[in-house]
Chemist: 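Below are the structure tokens for one structure; questions will follow.
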There are 2 protein chains.
Amino acid sequence: MNDSGGNRGKKQARRPSTERTAQRDPERTRAAILEAATREFAENGMGGARVDAIAERAGTNKRMLYHYFGDKEQLYLKVLEEAYVGIRTAERALHIGDRSPEDGISELALFTWRYFLKHPEFLSLLGTENLHRARWLRQSVRLKELHSHLIGELSQVLEQGKKQGVFIETADPLHVYLTIASLGYFYLSNQYTLSTIFGRDLIEPANLNAWEKHIVHVTLASIKR
Amino acid sequence: MNDSGGNRGKKQARRPSTERTAQRDPERTRAAILEAATREFAENGMGGARVDAIAERAGTNKRMLYHYFGDKEQLYLKVLEEAYVGIRTAERALHIGDRSPEDGISELALFTWRYFLKHPEFLSLLGTENLHRARWLRQSVRLKELHSHLIGELSQVLEQGKKQGVFIETADPLHVYLTIASLGYFYLSNQYTLSTIFGRDLIEPANLNAWEKHIVHVTLASIKR
DNA sequence: TCATCAAGTAACCGTTTAGTTACCGGCTTG
DNA sequence: CAAGCCGGTAACTAAACGGTTACTTGATGA
């Protein structure tokens with residue numbers, strides 16, 4: 001039973017006595033918690049993630065988690081923000097404007113697909129956040145700035161392509177990005193139900209390669225004159 | 001405090017005495033639980049959904065829920081199965097083979113988009129199930145049969161289009177379906193984060209109409225000769 | 001060299017949760 | 001017409017949960 005001992009409610013002398021060796025490396029501990037939290041939230045969602053599990057995965061305990069991040073919700077937001085910073089930073093390094101418009105778009109499509117493939121935790125976090133209608137992301141000020149750059153750069157590439165006569169006039173930067181992201185996101189984040197209902201292993205290399213080609217094909221076909 | 005009274009652990013005479021009027025309508029109760037569960041699971045995911053909340057939403061209590069569905073997991077699987085049956089049944093009624101190949105594909109794209117738009121709970125359930133790597137869907141035998149029909153019918157439409165010379169030879173039924181579903185799913189299920197980061201209200205009617213047109217355009221552009 | 005304070009531990013707390021038990025009462029049927 | 005079954009209620013339980021408290025440890029600089 002829970003209530004054994006009969007001393008409930010009465011404070012007793014405790015003996016915390018450190019049994020594990022203390023790390024004494026705040027930066028490492030903080031990073032370990034953040035990484036463990038990323039995995040836990042990605043695997044179980046906000047509702048399913050367990051604070052105890054995060055602490056254990058990080059090789060520390062709950063006290064430190066609350067010490068560094070406040071509470072579960074703030075830790076979750078931090079995880080989400082870092083995930084966005086990760087993809088947008090890598091994306092910026094592409095400089096899609098340096099090539100021909102067609103190559104620029106292909107490059108962006110390939111990059112996005114491969115990033116999604118390499119970072120399933122990012123897709124999962126997006127799913128979780130949307131389940132909650134962006135409840136936590138909305139609170140984040142720093143994230144909103146990160147994205148105007150992407151649309152701006154993509155817009156320039158499309159304009160150049162229109163001038164050169166290779167892209168249709170109606171091509172819209174937001175639509176193009178959403179198309180690329182859609183095709184990657186759906187295939188990967190829904191791979192488990194899709195593989196089950198269609199009886200095919202979508203994550204098999206041959207199928208992955210076919211879909212990668214398909215994404216580039218569809219994206220270009222939708223904007224080429 | 002929780003523990004007031006001092007009678008913990010000792011079984012006492014209870015007085016359940018029916019205070020609400022009993023419904024005495026098993027079919028209605030069952031359906032009410034299923035509908036309430038659909039909403040609760042869609043809004044909160046598997047980990048976040050609360051059995052008490054489902055019972056309350058259904059206007060009944062937990063006992064009935066366990067009586068009809070066994071436990072939380074079996075109830076969840078039932079909800080998921082019903083959601084799939086819903087979309088596949090409506091889809092079948094389209095008979096996309098009755099029109100020209102191009103119209104058939106447009107029809108399927110429009111139907112899928114509008115069904116997703118009308119049934120956000122279906123998208124949400126898919127997301128939740130994939131978070132758990134189709135853990136529950138895999139157990140379902142009845143679902144796997146439902147989907148071969150869709151691919152078969154789509155395959156016929158594509159073949160007809162190829163014969164008529166309007167579709168490219170490489171068009172693949174699974175890829176076409178995944179393309180249509182991708183574009184609808186991503187836009188709608190990620191509308192909250194997307195609206196936040198891009199600073200646009202994606203669910204606004206004008207934007208919805210533009211995306212509907214875009215889906216049809218992209219789908220056809222990707223397979224037209 | 002020793003007081004201080006950040007880093008760290010583990011037990012603890014109050015509440016919530018999935019699931020169970022004890023009991024009720026009206027309809028059907030032998 | 002009574003017996004029993006089925007649909008129903010609400011209180012209960014053990015375990016799990018997010019979050020806190022009491023206390024320890026080791027590096028540092030006055």
Side-chain angles (χ1 to χ4, degrees), chain A residues 1-33 36-37 40-41 44-56 58-77, chain B residues 1-33 36-37 40-41 44-76:
Chain A
M1 222 191 173
N2 199 4
D3 202 356
S4 60
N7 54 359
R8 256 188 98 147
K10 273 146 206 164
K11 285 185 183 172
Q12 270 201 325
R14 298 167 183 172
R15 36 159 192 76
S17 66
T18 311
E19 275 155 19
R20 275 187 216 167
T21 45
Q23 282 194 342
R24 294 239 141 236
D25 189 343
E27 212 45 60
R28 222 175 77 92
T29 302
R30 222 192 101 100
I33 292 172
E40 177 74 9
F41 283 123
N44 303 102
M46 179 62 177
R50 297 293 160 241
V51 173
D52 291 274
I54 295 170
E56 204 189 320
T60 180
N61 57 65
K62 282 193 288 185
R63 178 64 227 272
M64 289 295 93
L65 190 154
Y66 285 98
H67 179 62
Y68 287 119
F69 297 98
D71 63 8
K72 189 186 181 184
E73 301 197 8
Q74 287 177 70
L75 172 59
Y76 168 77
L77 178 56
Chain B
M1 224 191 170
N2 200 4
D3 202 356
S4 60
N7 54 0
R8 260 188 96 145
K10 273 145 203 162
K11 287 187 182 172
Q12 270 202 327
R14 297 168 184 172
R15 33 156 195 78
S17 66
T18 310
E19 273 154 21
R20 274 187 217 166
T21 45
Q23 281 192 344
R24 293 241 141 235
D25 188 342
E27 213 44 61
R28 221 173 80 93
T29 302
R30 221 191 103 99
I33 291 171
E40 178 73 10
F41 283 124
N44 303 104
M46 179 62 177
R50 298 292 162 241
V51 174
D52 291 274
I54 295 170
E56 203 189 319
R57 286 179 117 147
T60 179
N61 56 64
K62 281 194 288 186
R63 177 65 224 274
M64 288 296 94
L65 191 152
Y66 285 97
H67 178 61
Y68 287 119
F69 297 97
D71 62 9
K72 190 186 179 183
E73 301 197 8
Q74 288 177 68
L75 173 59
Y76 168 76

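Reminder, nothing fancy here: chain letters follow the sequence lines and each chain counts from 1. Just so it is clear, the model here is predicted, and its values are computed rather than measured.
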Chemist: Going by the rule side chain to side chain donor-acceptor pair (under 3.5 Å), which residues pair with B:R57 if we only count those two or more places apart in sequence or in a different chain?
Modeler: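 Once residues adjacent in sequence are excluded, the partners of B:R57 under the side chain to side chain donor-acceptor pair (under 3.5 Å) criterion are B:E40, B:E43.
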Chemist: Check the distance between D:dA16's P and B:K72's NZ and give it to me in whole angstrom.
Modeler: 15 Å
Chemist: Side chains of residues 64-71 of chain A: which donor-acceptor partners sit under 3.5 Å, not counting sequence neighbours?
Modeler:
{"from": "A:D71", "atom 1": "OD1", "to": "A:E73", "atom 2": "N", "distance (Å)": "3.3"}
{"from": "A:D71", "atom 1": "OD1", "to": "A:Q74", "atom 2": "N", "distance (Å)": "3.0"}

Chemist: Please give, in whole Å, the distance from C:dA6 C1' to A:R28 CZ?
Modeler: 18 Å
Chemist: List in numerical order all residues of residues 47-57 of chain B for which some heavy atom is under 4.0 Å away from an atom belonging to DNA chain C.
Modeler: B:A49, B:R50, B:V51, B:D52
Chemist: Which atom names give the shortest non-hydrogen contact between B:A58 and B:A32, and what distance separates them?
Modeler: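 Distance-wise, the nearest heavy atoms are CB-O, 3.5 Å.
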Chemist: With sequence neighbours left out, write down each residue that passes salt bridge (Lys or Arg N to Asp or Glu O under 4.0 Å) with A:K72, or none if nothing qualifies.
Modeler: none
Chemist: In whole angstrom, what separates B:N61's CG from C:dA18's C1'?
Modeler: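 B:N61 atom CG is separated from C:dA18 atom C1' by 14 Å.
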Chemist: What are the residues of residues 62-71 of chain B, sorted by number, that bring a heavy atom to within less than 4.0 Å of DNA chain D?
Modeler: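 Residues of residues 62-71 of chain B under 4.0 Å from DNA chain D: B:R63, B:M64, B:H67, B:Y68.
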Chemist: What integer distance in Å separates B:Q74:CD from C:dA18:P?
Modeler: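 That distance rounds to 15 Å.
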Chemist: Can you name the ring-ring contact (aromatic ring centres under 6.0 Å, His included) partners of A:Y76, sequence neighbours left out?
Modeler: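 Once residues adjacent in sequence are excluded, the partners of A:Y76 under the ring-ring contact (aromatic ring centres under 6.0 Å, His included) criterion are A:F41, A:W136.
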Chemist: Starting from C1' on D:dC6, measure out to CD on B:E27 and report it in whole angstrom.
Modeler: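 Rounded to the whole Å, the gap is 14 Å.
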Chemist: Would you indicate whether the side-chain heavy atoms of A:I54 and A:L75 approach each other to under 4.5 Å?
Modeler: yes
Chemist: Output yes when at least one side-chain N/O atom of A:T29 is less than 4.0 Å from OP1 or OP2 of C:dG8, else no.
Modeler: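 The answer is yes; a side-chain N or O of A:T29 sits under 4.0 Å from OP1 or OP2.
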Chemist: Can you name the nearest heavy-atom pair linking A:A49 to A:N44, along with the distance?
Modeler: N-CB, 3.6 Å
